[in-house]
Structure formats: structure tokens, C-alpha cells
Amino acid sequence: MMRTTMTSLTQKMVVAWRKEFKRCMSSIVTRATGKDKQSSQILVSPPLVSLDFPEIWASSSDHDNPPSGHEICGPRTAAIIDGKSIAEEIRLGIASEVRRMKEYTGKVPGLAVILVGQRRDSETYVRNKIKACEETGINSSLVELPDDCKEDEVISAMSRFNEDPSVNGVLVQLPLPEHLDEEKILNVVSLEKDVDGFHPESMGNLAMRGREPLFISCTPKGCIELLMRSGVTIMGKKAVVIGRSNIVGLPTSLLLQRHHATVSVVHALTKNPEQLTSGADIVVTAAGVPNLVRGYWLKPGAVVIDVGTCPVEDPTAEYGYHLAGDVCFEEAVRVASAVTPVPGGVGPMTIAMLLSNTLDSAKRAYEFT
């Protein structure tokens, strides 16, 4: 009942936002076309931030059953892309490099993490990152702040880590409490230590041919690594990225383009997303909506990378919930040629890429090759 109410409210907000947007656009066009003699407006195109619609997907309950005639039958034919074992192989390589660095320089990489609040999922993610650091020989520092902390407290902690030469990577676990300005806080992270790859300069260099970003965002980087290590050809293929967040969707689409795929982006306002997706050779989905992508959305033989990690209530599970992806797994394995599971697919790779970025940062700082 609560989910239905919240969905209804958010949908009403979007409708209201669209009406206001149309009104503003009409006003801009009126001024720019000279109908408003008092205006100095020259172009009709508005500031880009004014185009940022809220990214609100339909409720997951809307995707529980496929339309009539789209039922998926047949055997499970897809290969399962084991992100856990691939990530473990990468971590072993990182641990070896860390030992070599320590032997030759007497130093090891250092990662600092700032956790604000007590979200269970964020605490789990941070715990896994700290454990991964320990297993690969990377030093880790953790600052935990309460939900109601002030913005200055977060910025102060980040500034200390920026100045600490033993720290090569700094990250703030997202999401942050609503009263904190996420953009302002993330902008404090030094470019040279932004191992999450969120800095605008890193994102800009990712978008531009001939440029090399200092860091690539961890999850998109992990997705490409999964594809390549699974023997999937990216060059010349049609790819669809579902979701356009700054953390996953946007950098994934840019990275696929850099690997010469022809990329389409599906978002919450895309009409007939299943039609666009069904023509893709590669599908990377990061919408955060359980069962959004059904079997009939997929082209037979497609490769599916499921970034979605959604807690679903489950009284039989140890913690009262289980994790589900954006993709209806039981249907996808009957259509796709390869698919990542949730959990055990992209998640371990994200942490492995974080460790890899931290190692790269330390190599630059210590001039170690």
C-alpha cells in the first residue's frame, strides 16, 4: 500500500514538473522570438539543468507479468558470467602488485572512506570495501559520521584525506542524507584521489576522443572488464544502456562508445523501451527496478549485464530481504547468450575496480611502474 501511494505521489510530481517545464519553455520561446520586446533572450534553448527531469521509473509491480503472447519458455541456454570469480582473479593480481610496491618503495596504497548515516546497504558496501582492502594489502581509513552531521564536517574529513600523502584514494559512500549537498561535497575530492571517477574532468575526458581520464567510474569499468574477459566483442555491436545516472548509466554509455559500440540510452521517459532494447546485442541495465527487463525485451543471443541491485522483502531470507536485479533472470537465461547474476555479477567487479583505481593512483603518486 505504501509503495503504491509513493508511486502515485511521485508520478503526480512528474506530471506537475512537466507542466511547469512546458510553461517555462513557452515563456523562453516567446522572449527569444521577439514577441516579448522587453527581453534580452537570444536563443530558445534553456539552461541544461532545467531539462533534468526526475528519473522515476514505473513501480516494479508493473513488471510482474509479461503481456499476453510474450511468455518465455524453453531451456536455460545462457552462460552465467561469474563476476565473483573474475573479480577474485583481478584482486589476486592487485595483491601481487601491492606486495611488489611495498618491496621496492616501502609504501602501499591507501584508501579513505567516509560513511554518513546508518543505512544498512551503505554499511554493507563499506564493510565489503574495507575487507577487500585488507585482503589485497591496501591500507584503509574509515570515518563514520551521524545522519544529522553538518556539511562542514564531511568536507573537513575529505580535506584532511586530500592533504594526507599516505592516502591515494578518497570516496564518500552514496547516497548521502538529503540535507547534504552531494554535488558540493563530491567536488571537494581531489582529482588525483577521486578513485570513484566522479570528477567532472574525468567524466569529460571519458567523453572526448583522444583523452584519457585519470579514473574511470568503477561500475562501468567493471562492466567492460566483464564483457572483455568473457570474450564478448564490443566493437561494431549495438548496445543499449538502461538508466542514465552520473554514477553508472552515463559513464557506461560513454565507455561503450569509446570501445566503438553503437549506443542507445533508455531512461524513465523513453517510449517503448522494450522495442529499443530488443534490437541490442549488448544490454547493460542500471535502473534499480526489479524485473524491469523481461525476456521479451531481449534479442535472442544478447549479452546482458545487470547492474541493478534491489532489496526485495523476503521473510525467508536471513536479513528479511533478498537482492534482485533489473533483469528477470529466469526469463533472460532462456533468451540471452550470457547474463550476469544478482548477486555475484557486477557487484564484486565494482569493488575490484575500486582497488585497481586506488593502486593506479598510488603508482602515480610514488612514481612506481
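Index from 1, following the sequence.
- When all heavy atoms of Thr285 and Val293 are compared, the pair lying nearest together is OG1-CG2, 4.0 Å.
- In this structure, Met349 CE and Ile90 CD1 are separated by 3.5 Å, a value rounded to the nearest 0.5 Å.
- For residues 336-363, every residue pair satisfying the salt bridge (charged side-chain N to carboxylate O under 4.0 Å, His left out) rule, not counting sequence neighbours, is listed here: Glu97-Lys363.
- Applying the salt bridge (Lys or Arg N to Asp or Glu O under 4.0 Å) test to Glu151 and every residue at least two apart in sequence or in another chain returns Lys184.
- Asp314 and His322 form a side-chain donor-acceptor contact under 3.5 Å, judged by distance and modelled atom types alone.
- Across all their heavy atoms, Leu145 and Ile114 have their closest contact at CD1-CG2, 4.3 Å.
- A side-chain donor-acceptor contact under 3.5 Å links Lys193 to the backbone of Phe161.
- With rounding to the nearest 0.5 Å, the separation of CZ in Arg91 from CD1 in Ile86 is 13.5 Å.
- A donor-acceptor pair under 3.5 Å is absent between the side-chain atoms of Ser356 and the main chain of Ala352, judged by distance alone.
- For the pair Arg100 and Tyr366, the cation-pi test (distance below 6.0 Å, angle within 45°) is failed.
- For the atom pair Asn357 CG and Leu111 CG, the distance stands at 10.0 Å (nearest 0.5 Å).
- Asp326 contributes a side-chain N or O that, together with a main-chain N or O of Ala287, makes up a donor-acceptor pair within less than 3.5 Å.
- Looking at Asp152 and Lys150, no side-chain N of the basic residue comes within less than 4.0 Å of a carboxylate O on the acidic one, giving no salt bridge.
- Here CD1 of Ile130 is found 10.5 Å from CG of Asn139. Values are rounded to the nearest 0.5 Å.
- Applying the salt bridge (charged side-chain N to carboxylate O under 4.0 Å, His left out) definition to pairs two or more places apart or across chains, none involves residues 153-178.
- A donor-acceptor pair is defined here as one N or O able to donate and one able to accept, closer than 3.5 Å; such a pair exists between the side chain of Thr105 and the backbone of Lys107.
- When all heavy atoms of Val266 and Pro273 are compared, the closest pair comes out as CG1-CB, 3.5 Å.
- Across all their heavy atoms, Leu226 and Gly83 have their closest contact at CD2-CA, 3.8 Å.
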